[in-house]
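The structure under discussion appears below in the form of structure tokens.
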Protein chains: 2
Amino acid sequence: MNSEFNIAVHSLVFLAYLPTHMASSDLLASNVCTNPVRIRRVMNLLKKNGLIQVQKGTGGGYILNCDPKEVTLGQIYRITSSGSLVSDWRSGDPNMECRIASQIGDVMSQIYEGAEISYVNYLSQFTIQDILDKLTADKKQV
Amino acid sequence: MNSEFNIAVHSLVFLAYLPTHMASSDLLASNVCTNPVRIRRVMNLLKKNGLIQVQKGTGGGYILNCDPKEVTLGQIYRITSSGSLVSDWRSGDPNMECRIASQIGDVMSQIYEGAEISYVNYLSQFTIQDILDKLTADKKQV
DNA sequence: CCTAAATGTAATATTTATGATTACATTTAG
DNA sequence: CTAAATGTAATCATAAATATTACATTTAGG
């Protein structure tokens, strides 16, 4: 899987952590440890889905536009990475005579479709706020 | 995800389809549409886990050594592709000051661990025989 | 009105991952 | 003894992922 899902979750958690602060792509990039262009591309997806607001020009950047308790990792996955579980390599070949070789590609695709649904369901049990809470919980003193 | 899981499933279904036939890596490779070296590597994993028997030398090859009604895609996934769901790219960096950036890699890893478990559970509902049945079921006449 | 700082986005380069090929040692039936 | 098979390492080729560069556009503020 590519890592845009990670970038989206990280960025949203960051924005939820500083909800009044306008964060630039440079700031997000250095926190996430990637480059600003990737951040802008991912943020653009999140904007199109209404999860953040964007301010262009001087002093601009990104700010949260959703309730972190309501947005789940399942939603974010669907926005950034839908279909990524499906193997792009298919065994066999539809043009072959053999019933196994000619059809198994389709059968495996169906199974991956189901896996995708089960994966989204799993991710939907976590909200942005859940992740933020894990990160800001005070640690036991040693 | 890499495609060794697909190759393993396809090969096992093929062997289950011809349970008395010794299939060479060349034969499997041409049915799966890949090269014999990959087949042998994957078959070797399956052999180590007792799912097939191998006969070296002239006239050798692979033959099923399990009950296709008992072996699930979950088991096969664990053999060939365990951990492949975990994104190898980590956002943030443990050495940074920021609590988000320094810890989110670990938190996301935990989530991927859980996803892996849920994925294996999903795959465990399908057996080799289930796949074979889908492929050999007679189609409606048109 | 100008400038500096920001996003949007395309094009390109670099790096990493995946898959294919080649080569050869080993095994074994006949 | 030979031919046909597996096991496996090394190398090559291709594809995918990520980073960089470049530049058009937007906009706050002097």
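Protein chains get the first letters and strands the later ones, always in sequence-line order, with residue 1 at the start of each. Owing to the predicted nature of the structure, the values given are computational and were not obtained by experimental measurement.
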Legend entry - B:Arg41 CZ - C:dT21 C1' separation (whole Å): 11 Å

Inset, instruction - Both distances under 3.5 Å, Watson-Crick or G-U wobble: report the partner of D:dT20, or none. - result: C:dA11

Legend entry - d(CG, A:Asn6; C1', D:dA17) in whole Å: 13 Å

Legend entry - Atom pair distance, as rounded to whole Å: CD in B:Glu4 and C1' in C:dA17: 12 Å

Legend entry - For atom CG of A:Asn35 and atom C1' of C:dT9, their distance in whole Å: 13 Å

Legend entry - Under-4.0 Å side-chain N/O to phosphate OP1/OP2 contact, B:Thr58 with D:dA5: no

Inset, instruction - Quick one: look up who C:dT27 pairs with, Watson-Crick or G-U, both distances under 3.5 Å, and put none if it's unpaired. - result: D:dA4

Legend entry - Phosphate-side-chain proximity, B:Ser3 and C:dG19, N/O vs OP1/OP2 below 4.0 Å: yes

Inset, instruction - Give a yes/no answer on whether the side chain of B:Lys56 brings an N or O atom under 4.0 Å of OP1 or OP2 in C:dA29. - result: no

Inset, instruction - Search all heavy atoms of A:Met22 against all heavy atoms of A:Gly59 and return the closest pair with its distance. - result: CG-O, 3.7 Å

Inset, instruction - Using a cut-off of strictly less than 4.0 Å, decide whether A:Thr34 has a side-chain nitrogen or oxygen near OP1 or OP2 of D:dA19. - result: yes

Legend entry - Rounded distance (Å) that lies between atom C1' of C:dG19 and atom CZ of A:Arg90: 18 Å

Legend entry - Short side-chain N/O contact to C:dG8 OP1/OP2 from A:Lys47, under 4.0 Å: yes

Inset, instruction - Assign B:Asn44 to base, sugar-phosphate, or nothing according to its heavy-atom contacts below 4.0 angstrom with the strands shown. - result: sugar-phosphate

Legend entry - Length of the line joining A:Met22:CE and D:dA28:P, which is rounded to integer Å: 10 Å

Inset, instruction - Report which part of the nucleic acid A:Gly57 touches: base, sugar-phosphate, or nothing (heavy-atom distance under 4.0 Å, all strands). - result: base

Inset, instruction - Report yes if a side-chain nitrogen or oxygen of A:Arg38 is closer than 4.0 Å to either non-bridging phosphate oxygen (OP1 or OP2) of D:dA19; otherwise report no. - result: yes

Inset, instruction - Could you state the atom-to-atom distance from CG of B:Leu28 to C1' of D:dA5 in whole Å? - result: 13 Å

Inset, instruction - Ignoring backbone atoms, test whether A:Arg40 places a side-chain nitrogen or oxygen under 4.0 Å from the OP1 or OP2 oxygen of C:dG8. - result: no

Inset, instruction - Would you confirm whether the ring centroid of B:Tyr119 sits within less than 6.0 angstrom of the ring centroid of B:Tyr77? - result: yes

Inset, instruction - Could you tell me whether the side chains of A:Ser91 and B:Asn6 share a donor-acceptor contact shorter than 3.5 Å? - result: no

Inset, instruction - Please determine, for the side chain of B:Val37, which listed nucleotide (C:dT7, D:dT8, D:dT6) has the closest atom? - result: D:dT8

Inset, instruction - May I ask you to decide if B:Ile100's main-chain N or O and B:Gln103's side chain share a donor-acceptor pair within less than 3.5 Å? - result: no

Legend entry - B:Arg78 CZ: over 12 foreign heavy atoms closer than 6.0 Å: no

Legend entry - Nearest-nucleotide comparison on DNA chain D, the residue closer to the 5′ end among A:Gly59 and B:Gly59: B:Gly59

Inset, instruction - Taking A:Gln75 for its side chain and A:Thr72 for its backbone only, find out whether a donor-acceptor pair lies under 3.5 Å. - result: yes

Inset, instruction - May I ask you to verify if any side-chain N or O of B:Gln55 is less than 4.0 angstrom from the OP1 or OP2 atom of C:dT27? - result: no

Legend entry - Closest nucleotide among D:dA16, D:dA19, C:dA6 to the B:Trp89 side chain: D:dA19

Legend entry - Nearest-angstrom distance from the residue atom CG of B:Asp88 to P of C:dT15: 17 Å

